[in-house]
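If you're wondering where the values come from, they're calculated on a predicted model, not measured in any experiment.
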Amino acid sequence: MAEQGFAEAQVTPWFGVVVPAATPQPVIERISKALEAALATKEVQQKLDVAGCEPKSAPLGAFADIIKSDVGVLGQGGQEAGIAAD
């Protein structure tokens, strides 16, 4: 990023699971608990480690905040660079 003129940019890749906005809260909580259980297994941890990923989880709602923040930062950077979304 620095080579492209964005020296201050801090990009941290992440992966996550999202659901449609109208998903009922009990369903969201069930999915969240299932993902937490999967992330706690040695098998999943080993596969993520091989892929160079560090498994982390966040409280419900925190991931939405991360997405909103990243979209805002990346959108602003795109505007400043004159990049238009198609």
(message) Applying salt bridge (Lys or Arg N to Asp or Glu O under 4.0 Å) as the test, list every pair that has at least one member in residues 14-33; sequence neighbours left out.
(response) none
(message) Can you pull out every ring pair (Phe, Tyr, Trp, His ring centres under 6.0 Å) where at least one residue sits in residues 18-40? Sequence neighbours excluded, please.
(response) none
(message) Testing the basics here: between Ala40 and Gln45, what is the closest heavy-atom pair and its distance to 0.1 Å?
(response) O-NE2, 3.5 Å
Side-chain donor-acceptor contacts of residues 58-66 below 3.5 Å, not counting sequence neighbours, with atom names and distances?
none

(message) The criterion is side-chain hydrogen bond (donor to acceptor under 3.5 Å, both in side chains); which residues satisfy it with Asp70, sequence neighbours excluded?
(response) Trp14
(request) Not counting sequence neighbours, list each pair that qualifies as a salt bridge (Lys or Arg N to Asp or Glu O under 4.0 Å) and has a residue in residues 39-51. (result) Glu43-Lys47
(request) Mind jotting down which residue pairs meet the ring pair (Phe, Tyr, Trp, His ring centres under 6.0 Å) criterion with at least one end in residues 29-52? Sequence neighbours excluded, please. (result) none
(request) List, by chain and then residue number, the residues other than Leu39 in its hydrophobic cluster (Ile/Leu/Val/Met/Phe/Trp/Tyr, side-chain heavy atoms under 4.5 Å); write none if there are no others. (result) Val44, Leu48
(request) Any ring pair (Phe, Tyr, Trp, His ring centres under 6.0 Å) involving residues 22-45? Give me the pairs, sequence neighbours left out, ordered by first then second residue. (result) none
(request) List for me each residue that meets side-chain contact (heavy atoms from CB on, under 4.5 Å) alongside Val27, sequence neighbours excluded, and say none if there are none. (result) Thr23, Pro24, Ile31
(message) Show me the pairs that pass ring pair (Phe, Tyr, Trp, His ring centres under 6.0 Å) and involve residues 26-60, at least two apart or across chains.
(response) none
(message) List the residues meeting salt bridge (charged side-chain N to carboxylate O under 4.0 Å, His left out) with Glu36, not counting sequence neighbours, and say none if there are none.
(response) none
